[in-house]
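Here is the structure we will look at.
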Amino acid sequence: MDNILSGIKPTGKLTLGNYIGAIKNFARIQNEGDTFVFIADLHALTLPIEPEDLRNNSRDIAAYYLAAGLDPKSTTIFLQSDVPAHSELAVIMQNFLYMGELSRMTQFKDKAQKMDNEAIGLGLFAYPVLMACDIVLYNSKRIPVGEDQVQHVELCRDLVKRFNNRYGDTLVMPRAEMVKVGKRIMSLSDPTKKMSKSDPKGDIFLSDDLNVMRKKIMSAVTDLGHEIKYDVENKPGISNLMTIYSALTGKEFAEIEKEFEGKGYGDFKRAVADAVINEMEPFKKRYEEIISSGLVDEVLEEGAKKASVIANETLARVQKAVGLYHK
Ligand code: ATP
Ligand code: MG
């Protein structure tokens with residue numbers, strides 16, 4: 001069984017995109033291997049964030065993981081910063097990823113473009129180095145991510161190849177995998193843009209009240225015409241809502257088109273809102289229970305211990321391989 005690893009960075013309030021593209025899927029596949037799911041709090045420092053927000057966001061993600069059904073018995077759930085091996089390995093691995101390739105990363109270009117050139121932190125640039133370390137520390141082969149993170153996993157593959165060529169078989173080769181439907185949920189106000197927690201426009205937040213979620217869906221931007229048809233090019237708004245509907249109900253696009261034949265956008269949006277609420281109502285209730293139970297701290301403490309064992313083994317293997325003095 002292959003090791004599975006993924007994480008979410010606590011940069012803001014989680015969105016329906018994070019839920020469909022990531023969290024829901026983690027719970028579905030957690031028993032297919034040794035699964036490690038973490039909160040990438042060090043990564044969240046790559047953009048300006050208030051300490052209080054970082055803390056709250058981190059705790060929230062852990063609670064949402066548990067609410068989605070991640071079981072601490074089969075999945076190691078932990079905070080990245082609780083396992084120092086991530087940072088230690090990054091100091092070594094930064095020498096094996098190159099400035100040219102890092103500067104071509106879409107996430108860096110997107111985020112840097114919105115900032116003042118003089119004030120772009122080195123961490124934002126070096127983000128994929130740390131992410132590659134997150135992956136290789138756990139000998140992970142399967143990396144379930146949304147589409148936006150695939151490029152970083154590809155870069156990690158380059159790193160593994162480069163490192164193993166130089167030092168012999170040390171690191172395990174990972175590969176990105178995406179959900180069949182919902183790997184890129186788009187903004188409800190601009191369906192040509194990804195729904196993002198650090199650039200929240202047209203987002204549905206997991207923390208939104210159910211009636212707010214409904215309102216947002218009912219006022220989602222749609223397209224010319226009135227047909228319910230999956231056509232990303234010409235009908236990006238409807239196609240995005242169809243993706244959400246399909247991901248939550250399991251219905252295929254053709255089936256959905258048939259279901260809404262002769263009906264209008266209003267009917268369809270109501271059905272999408274119902275599907276979202278159906279899923280979110282029990283999920284949000286579980287989240288509330290978990291937050292007030294104190295379970296999060298317990299799970300994270302236990303998770304850090306378990307994660308450290310395998311992470312430290314990998315770190316030691318790398319230190320030895322590169323010639324850092326080792327008995
Ligand atoms: P940020 O704006 O801080 O980058 P984000 O919403 O993109 O926030 P990440 O922490 O980068 O969230 O990603 C967490 C996981 O959620 C990743 O696997 C990512 O690919 C996935 N993901 C993020 N946004 C979406 C989306 N709109 N649709 C599907 N999956 C998504
Ligand atoms: Mg992102």
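This one's a predicted model, so the numbers in the text were calculated from it and none came from an experiment. Ligands are counted one by one from 1 in listed order, and the atoms in each one are counted from 1 as well. In this chain, residues are counted from 1 in sequence order.
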Salt bridge or not for R142 and E32, using N-O below 4.0 Å? yes
So, using side chain to side chain contact (heavy atoms under 4.5 Å, CB included) as the criterion, who are the partners of Y98 when residues are at least two apart? E101, R162
Tell me, which protein residue and heavy-atom name are nearest atom 13 (O) of ligand 1, and how many Å apart are they? N18 ND2, 4.0 Å
Side-chain touch L206/K13, heavy atoms, less than 4.5 angstrom: no
Indicate yes or no: does D274 engage R214 in a salt bridge with an N to O separation below 4.0 Å. yes
Passing candidate, side chain to side chain contact (heavy atoms under 4.5 Å, CB included) with I244, options V272, T249, I217: V272
Note: S198, heavy atoms under 4.0 Å from ligand 1, region reported as both
Regarding ligand 1, does D199 bring an N or O atom to under 3.5 Å of one of the ligand's N or O atoms? no
Ligand 1 N/O within reach of K111 N/O, cut-off under 3.5 Å: yes
Report, in ascending order of atom number, the atoms of ligand 1 lying under 4.0 Å from any heavy atom of M195. 24 (N), 26 (C), 27 (N)
Is there a polar contact, in the sense of an N or O pair closer than 3.5 Å, between Y127 and ligand 1? no
Which of the numbered atoms in ligand 1 are under 4.0 angstrom from any heavy atom belonging to R184? 28 (N), 29 (C)
Which of the atoms in ligand 1, numbered in the order shown and given with their element, are less than 4.0 Å from a heavy-atom of G21? 29 (C), 30 (N)
Restricting to heavy atoms, the pick from H152, K197, Q149 nearest atom 9 (P) of ligand 1 would be K197
Atom 20 (O) of ligand 1: closest protein heavy atom, distance to 0.1 Å, is D148 OD1, 2.6 Å
Review item, side-chain donor-acceptor pairs of residues 220-230, under 3.5 Å, at least two apart:
| unit_1 | atom_1 | unit_2 | atom_2 | d |
| --- | --- | --- | --- | --- |
| D223 | OD1 | G237 | N | 3.0 |
| D223 | OD2 | G237 | N | 3.4 |
| D223 | OD2 | I238 | N | 2.9 |

Provide, to 0.1 Å, the distance between atom 31 (C) of ligand 1 and the closest protein heavy atom, together with that atom's residue and name. G17 O, 3.6 Å
among protein heavy atoms, the one nearest atom 14 (C) of ligand 1 is I8 CG1, 3.7 Å
If the cut-off is 4.0 Å to any non-hydrogen atom of K194, which atoms of ligand 1 fall inside it? 5 (P), 6 (O), 7 (O), 23 (C), 24 (N), 25 (C), 27 (N)
Electrostatic pair R55-E52, nearest N-O below 4.0 angstrom: yes
Are any of the N/O atoms in G7 less than 3.5 Å from those in ligand 1? no
Check whether any heavy atom of T15 sits under 4.0 Å from an atom of ligand 1. no
Mark the output for I20 as yes if a heavy-atom distance to ligand 1 is under 4.0 Å, and as no if none is. no
Indicate yes or no: does an N/O atom of K9 lie under 3.5 Å from an N/O atom of ligand 1? yes
Under 3.5 Å between some N or O of ligand 1 and some N or O of V145? no
For I185, which part has a heavy atom under 4.0 Å from ligand 1: side chain, backbone, both, or neither? both
contact_flag M186 ligand 1 heavy-atom lt 4.0 Å: no
May I ask you to list the atoms of ligand 1 that are less than 4.0 angstrom from any heavy atom of A22? 15 (C), 16 (O)
Counting heavy atoms under 4.0 Å, the part of K183 that contacts ligand 1 is backbone
